[in-house]
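Data first, discussion second: the structure below is written as structure tokens.
Each chain gets a letter, A, B and so on, in the order the sequences are listed, and its residues count up from 1. What's counted below: heavy atoms across the whole structure, side chains too, no hydrogens, waters or symmetry copies. Note that the structure is a prediction, hence the values are computed from the model and not measured.
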2 protein chains.
Amino acid sequence: MSDQIPAISEAESRVMEALWRKAPQRSEDIVAAVQQANDWHEKTIRTLLGRLLGKGAVSAEKEGRRYLYSPTLRREQWQWQESRSLLDRVFGGRLSLLLAHFSEHEKLGAKDIAELRKLLDAIEKKGR
Amino acid sequence: MSDQIPAISEAESRVMEALWRKAPQRSEDIVAAVQQANDWHEKTIRTLLGRLLGKGAVSAEKEGRRYLYSPTLRREQWQWQESRSLLDRVFGGRLSLLLAHFSEHEKLGAKDIAELRKLLDAIEKKGR
DNA sequence: CAGCAAAGATTACAAGCGTAGTCTTTTACT
DNA sequence: AGTAAAAGACTACGCTTGTAATCTTTGCTG
């Protein structure tokens, strides 16, 4: 049922980041926030905001003559979509391949490893 | 120096998969292989192959009047690029966030978990 | 009250992508 | 030799994306 939101693009996601950090916000503030992190023209940011509205990833409610924007797509959900997509596209859905990959290339600190072990324990326990 | 290969698209990566599985191959065989997995028109696949050539992700050498195609971009490298990209774009580069994410959402089978543990052991040992 | 400035709406435009179709060249047959 | 078929080259076309510029409306300001 949850009407599918079309994929959001890289640039669009930068605008979402601003909204995930704080919402609702007026476009002016969104523009300011996004410009903090990305040196984009104000017009560009407004365009992206508009597209996100069109995609249903953000909603807008009138506040006086302006709008207040809020994210509809939750960050978690987006992260999940992107992760699944990578996993399926690149690693044939096999998580262990992904992890093996990171383990080879990424410096996994002792802390990371400990964290991972804890994760595994928790998963295993939960899984019965 | 390593002249950067432009990002390859989703569809293009399907063609790469065929070449990663076996190379070099004649276009005819690539077409056949890709059609196994994706129901695309022969012309489409040839177009993608051409674009990959243009991007320098595959090379071609004449074999008689035809070409033999081989991947230039290694699969590992591509997987790495995609993974880094996800990690940076979506999780701010923090691997632990990604992992926590998967641990929450992914159903890890007992086999996955065992495999992961083994991985962790190996990593730890290697890391001293 | 007349005109400007800001928020939003609409339009622009090139590059990349998915998905082919058409044109050209070359070889293999009849 | 003439011709069809296959491989490759070139062309097509609508959609998305990045990156804005222009147009419209409307409250605010002098």
Side-chain angles (χ1 to χ4, degrees), chain A residues 4-19 23-35 37-70 73 78 81-82 85 89-90, chain B residues 4-19 23-35 37-70 73 78 81-82 85 89-90:
Chain A
Q4 277 311 50
I5 291 171
I8 74 180
S9 79
E10 159 71 8
E12 285 161 3
S13 78
R14 306 300 185 87
V15 175
M16 291 303 288
E17 296 280 5
L19 281 166
Q25 285 189 85
R26 295 175 303 146
S27 70
E28 187 195 353
D29 300 323
I30 297 173
V31 167
V34 172
Q35 282 180 330
N38 314 271
D39 185 25
W40 290 340
H41 195 286
E42 168 241 342
K43 291 301 188 185
T44 299
I45 299 170
R46 283 178 195 284
T47 296
L48 293 170
L49 187 55
R51 288 184 183 168
L52 286 168
L53 256 182
K55 290 183 177 183
V58 320
S59 63
E61 340 189 25
K62 218 145 205 156
E63 176 235 27
R65 74 196 228 63
R66 304 298 141 88
Y67 288 104
L68 279 181
Y69 299 88
S70 302
L73 176 65
W78 171 69
Q81 283 169 11
E82 294 290 319
S85 161
R89 283 189 309 108
V90 178
Chain B
Q4 277 312 51
I5 291 172
I8 74 180
S9 79
E10 160 69 8
E12 284 161 3
S13 78
R14 306 301 185 86
V15 175
M16 291 303 288
E17 296 280 4
L19 281 166
Q25 283 189 86
R26 294 175 303 147
S27 71
E28 186 197 352
D29 300 323
I30 297 173
V31 166
V34 172
Q35 282 181 331
N38 313 272
D39 186 24
W40 291 341
H41 196 285
E42 168 242 339
K43 291 303 189 183
T44 300
I45 299 169
R46 283 177 195 283
T47 296
L48 293 170
L49 187 55
R51 288 183 184 167
L52 286 168
L53 256 181
K55 290 183 178 184
V58 320
S59 64
E61 342 190 23
K62 218 145 207 158
E63 176 236 27
R65 74 196 225 64
R66 305 297 141 87
Y67 287 105
L68 279 181
Y69 299 88
S70 302
L73 176 65
W78 170 70
Q81 283 169 10
E82 294 291 319
S85 161
R89 282 191 307 108
V90 177

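Rounded to 10°, the angle separating the first-five-pair axis and the last-five-pair axis of the helix from C:dC1-D:dG30 to C:dT30-D:dA1 equals 30°.
The main-chain N or O of B:K43 is found under 3.5 Å from a side-chain atom of B:T47 such that the two form a donor-acceptor pair. Looking only at distances, a side-chain donor or acceptor of B:Q35 sits under 3.5 Å from a matching main-chain atom of B:W40.
The interatomic distance linking A:L53 (CG) with C:dG8 (C1') rounds to 10 Å, in whole Å. The distance between atom CG of B:L48 and atom P of C:dA20, rounded to the nearest whole Å, is 10 Å.
Residues A:I8 and A:A57 come closest through the heavy atom pair CG2-CB, 4.2 Å. Residue B:V15 comes nearest to B:V34 through the heavy atom pair CA-CG2, 4.0 Å, listed as atom of the first residue, atom of the second, then distance. Taking all atoms of both residues into account, the shortest heavy-atom contact from B:A23 to B:S70 is CB-CA, 4.3 Å. Between A:L19 and A:Y69, the shortest heavy-atom distance links the atoms CD2-O, 3.5 Å.
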I'd like a table of atom pairs between the protein and nucleotides 27-30 of chain C - only N or O on both sides, under 3.5 Å - with the distance next to each one.
none

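Applying the side chain to side chain contact (heavy atoms under 4.5 Å, CB included) criterion to B:A33, with sequence neighbours excluded, gives B:A18.
Residue contacts shown for B:R51 include a base, since a base heavy atom lies under 4.0 Å away. Using a 4.0 Å heavy-atom distance criterion, A:K55 is classed as a sugar-phosphate-only contact.
Every pair passing side chain to side chain donor-acceptor pair (under 3.5 Å) that includes a residue from residues 49-61 of chain B is listed here, sequence neighbours excluded: B:E12-B:K55.
Here B:Y67 does not reach the OP1 or OP2 of C:dT26: none of its side-chain N or O atoms lies under 4.0 Å away.
Atoms CG and OG, on A:L52 and A:S9 in that order, are 7.5 Å from each other to the nearest 0.5 Å. Rounded to the nearest 0.5 angstrom, B:L48 CG and B:M16 CE are separated by 11.5 Å.
Near DNA chain D, defined here as any heavy-atom distance below 4.0 Å, the residues from residues 39-47 of chain A are A:W40, A:H41, A:K43, A:T44, A:T47, listed numerically.
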side-chain contact (heavy atoms from CB on, under 4.5 Å) evaluation trace for B:Q25 with B:L68:
CA-CA 5 Å; B:Q25 283 189 86; B:L68 279 181; 5.8 Å; no
Determine whether B:Y67 and B:L53 satisfy the following criterion, side-chain contact (heavy atoms from CB on, under 4.5 Å), listing intermediate values before the conclusion.
CA-CA 12 Å; B:Y67 287 105; B:L53 256 181; over 6 Å; no
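In this structure, B:L49 and A:A11 both approach DNA chain D, and ranking their closest nucleotides by distance from the 5' end singles out B:L49.
Between chain B and DNA chain D, the heavy-atom contact criterion of under 4.0 Å yields a 5' to 3' nucleotide range of D:dA6 to D:dA12.
Remark: the A:R46 side chain and the A:S27 side chain contain an N/O donor-acceptor pair separated by less than 3.5 Å.
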